[in-house]
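First up is the structure itself, then whatever we jot down about it.
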Amino acid sequence: MNGNLIIKNAAQLVTCSGFRARRGSAMSDLNIIENGVVIIEDGLIKSVGTTAEILGSETLADVEVLDATGKAVLPGFVDSHTHLVFGGYRAEEFSWRLRGDSYMDIMQRGGGILSSVKATRAASREELMAAGMRRLDSMLSFGVTTVEAKSGYGLDRETEIKQLEVTGELNRRHAIDVVPTFLGAHAVLPDYRGREDEYIDMLIEAVLPEVAERQLAEFCDIFCEKAVFSVTQSKRLLRQAQTLGLKSKIHADEMVTLGGTELAAELGAISADHLLHASDDGIKAIAAAGVVATLLPGTAFSLKEPYARARFMIENDCAVALATDFNPGSCFSESIPLVMALAALYMGLSPEEAVTAVTLNGAAALDRADRIGSIDVGKIGDLVLLEYPSYAFIPYHIGVSTVEQVIKRGRIVFNRC
Ligand code: NIG
Ligand code: FE
């Protein structure tokens with residue numbers, strides 16, 4: 001359902017204007033209009049400008065008007081990397097990590113992702129739906145209007161498909177747009193240890209064709225990592241997915257430097273994600289290939305790992321996006337403002353760069369920069385109104401949502417009372 005709406009007198013209209021990713025130094029430019037107005041008609045942005053110039057010239061029908069005096073207005077946030085749909089939780093694993101066990105050690109001994117696989121296989125669709133709706137409600141309260149959601153807690157045909165079907169149903173039922181990604185190659189089950197190639201064969205033969213045929217996912221992703229899937233295996237799966245019409249994403253160089261970043265460039269992936277240990281050459285290669293570098297500082301924080309080298313990436317003309325990586329293990333948080341604060345405090349991003357990274361560049365990481373991620377005429381009317389007059393309050397109010405209202409396709413879908 002699309003809406004008509006006028007938002008006027010915005011202290012700052014933070015347009016983040018553009019129809020493709022902003023790279024390098026261009027990430028600092030937010031194209032702010034002071035005392036701004038946006039007019040949304042039938043869910044799409046029709047006019048953008050100063051309140052004086054636009055409201056003076058437009059003839060206005062009987063349309064709802066929001067007065068944003070003293071408030072900053074931004075594009076709805078795009079959380080471009082999450083593992084939204086899963087059964088069970090892993091609170092005990094958090095305690096083990098506090099004791100000193102590493103994330104990869106826990107996974108090697110059958111915990112970690114594999115314990116979420118057990119719980120997700122056991123969960124009913126209704127349970128997954130109910131949990132998914134609650135999580136999306138929380139994301140909406142942080143200003144998220146589009147979220148990516150990966151499968152990867154099934155690791156068999158039946159459960160991977162179940163996760164993707166639930167994701168599709170969440171997209172239909174919730175105000176947030178949910179973009180599905182097939183991550184069947186998320187971990188290696190004990191049965192397949194040493195036979196990872198056979199697992200990739202199984203995905204290619206028994207799961208991918210159905211995912212593509214039924215359009216259950218738009219992207220294919222893989223955990224390209226030492227002791228998980230190699231660069232060669234990743235290339236084989238992602239190439240096959242591309243021939244079936246699925247665009248590529250890669251969990252690349254998260255724990256060690258393996259070459260997933262270079263592979264993302266070679267494959268023309270839409271994004272390369274994590275990149276904590278990406279090499280200089282890999283970073284230069286994704287910049288040249290126009291692959292979005294999706295950084296997930298909540299995960300580095302939660303795992304006590306070093307942060308990705310965002311400054312080096314931006315200096316080398318990368319387009320950087322920020323996302324939560326919301327999942328039950330390595331980062332159980334949907335807080336966009338926390339991610340932005342961590343990026344500012346520990347990765348050297350300016351507040352302006354952090355805003356670009358969760359708006360236009362988040363949209364580019366989902367291949368949607370032509371439709372969402374900025375306040376431009378013709379784009380979808382997805383907006384957030386802050387309780388403060390400046391975007392600078394988002395990372396400054398660490399981890400806490402400053403979002404007062406969320407607009408989706410011209411309709412108010414969240415109101416903080
Ligand atoms: O992006 N690295 C692999 N996958 C997720 C974690 C998933 C989990 O621990 O359940 C990540 O960090
Ligand atoms: Fe992830």
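Start at 1 and go down the list; that is how both ligands and their atoms are numbered.
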Residue, atom name and distance, where the atom is the protein heavy atom closest to [atom]:
{"atom": "atom 1 (O) of ligand 1", "result": "His274 NE2, 2.8 Å"}
{"atom": "atom 11 (C) of ligand 1", "result": "Asp325 OD2, 3.2 Å"}
{"atom": "atom 2 (N) of ligand 1", "result": "Glu254 OE1, 2.8 Å"}
{"atom": "atom 9 (O) of ligand 1", "result": "Tyr103 OH, 2.5 Å"}
{"atom": "atom 12 (O) of ligand 1", "result": "Ser330 OG, 2.6 Å"}
{"atom": "atom 4 (N) of ligand 1", "result": "His186 NE2, 2.8 Å"}

TODO: Show your working on side chain to side chain donor-acceptor pair (under 3.5 Å) between Asp137 and His174 and close with a plain yes or no.
DONE: CA-CA 8 Å; Asp137 285 346; His174 202 278; 2.7 Å; yes
Open item on the list: Under 6.0 Å from the ring centre and within 45 degrees of the ring axis: does the NZ or CZ of Arg135 meet both conditions for the six-membered ring of Phe86?
Closed with: yes
TODO: Mark yes or no: Arg195 above the aromatic ring of Tyr192, with NZ or CZ under 6.0 Å from the six-membered ring centre and no more than 45 degrees from the axis.
DONE: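 Flagged: Arg195 positioned over aromatic ring of Tyr192.
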Open item on the list: Using a distance threshold of 2.8 Å, state whether an N, O or S atom of His83 lies below it from the Fe ion (ligand 2).
Closed with: yes
Open item on the list: Strictly under 2.8 Å, is the Fe ion (ligand 2) approached by any N, O or S atom of His81?
Closed with: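 Checking the Fe ion (ligand 2) against His81, an N, O or S atom does fall under 2.8 Å.
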Quick check against the 3.5 Å criterion: does [X] have a side-chain atom that pairs as donor or acceptor with the backbone of [Y]?
{"X": "Ser335", "Y": "Gly399", "value": "yes"}
{"X": "Ser151", "Y": "Leu183", "value": "yes"}
{"X": "Gln163", "Y": "Tyr153", "value": "yes"}

Task: Best match, Tyr153, Phe86, Phe326, Phe223: closest heavy atom to atom 7 (C) of ligand 1 - done: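 Nearest option to atom 7 (C) of ligand 1, by heavy atoms: Tyr153.
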Task: Candidate pair Thr299 and Asp325, rule side chain to side chain donor-acceptor pair (under 3.5 Å), full reasoning - done: CA-CA 7 Å; Thr299 310; Asp325 196 18; 2.8 Å; yes
Open item on the list: Is it the case that over 12 heavy atoms from other parts of the model lie below 6.0 angstrom from the CD atom of Glu315?
Closed with: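 Enclosed.
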TODO: Return yes or no for this condition: an N or O of Ser116 is under 3.5 Å from an N or O of ligand 1.
DONE: no
Open item on the list: Counting only nitrogen or oxygen atoms and a 3.5 angstrom limit, does Thr299 reach ligand 1?
Closed with: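 It does not: no N or O of Thr299 is found under 3.5 Å from an N or O of ligand 1.
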- [ ] Answer with side chain, backbone, both or neither: which part of Glu225 has a heavy atom less than 4.0 angstrom from an atom of ligand 1?
- [x] neither
Open item on the list: Centroid separation under 6.0 Å, is that true for the rings of Phe332 and Tyr89?
Closed with: yes
Task: Aromatic ring proximity Phe219/Phe182, centre distance under 6.0 Å - done: no
Open item on the list: Tell me which N, O or S atom from Asp325 is the closest to the Fe ion (ligand 2).
Closed with: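 The nearest such atom is OD1.
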- [ ] For His81, take its heavy atoms, then give the atoms of ligand 1 lying under 4.0 Å from any of them.
- [x] 1 (O)
- [ ] Say whether Arg90 and ligand 1 are in contact under the criterion: heavy-atom distance to a ligand atom below 4.0 Å.
- [x] yes
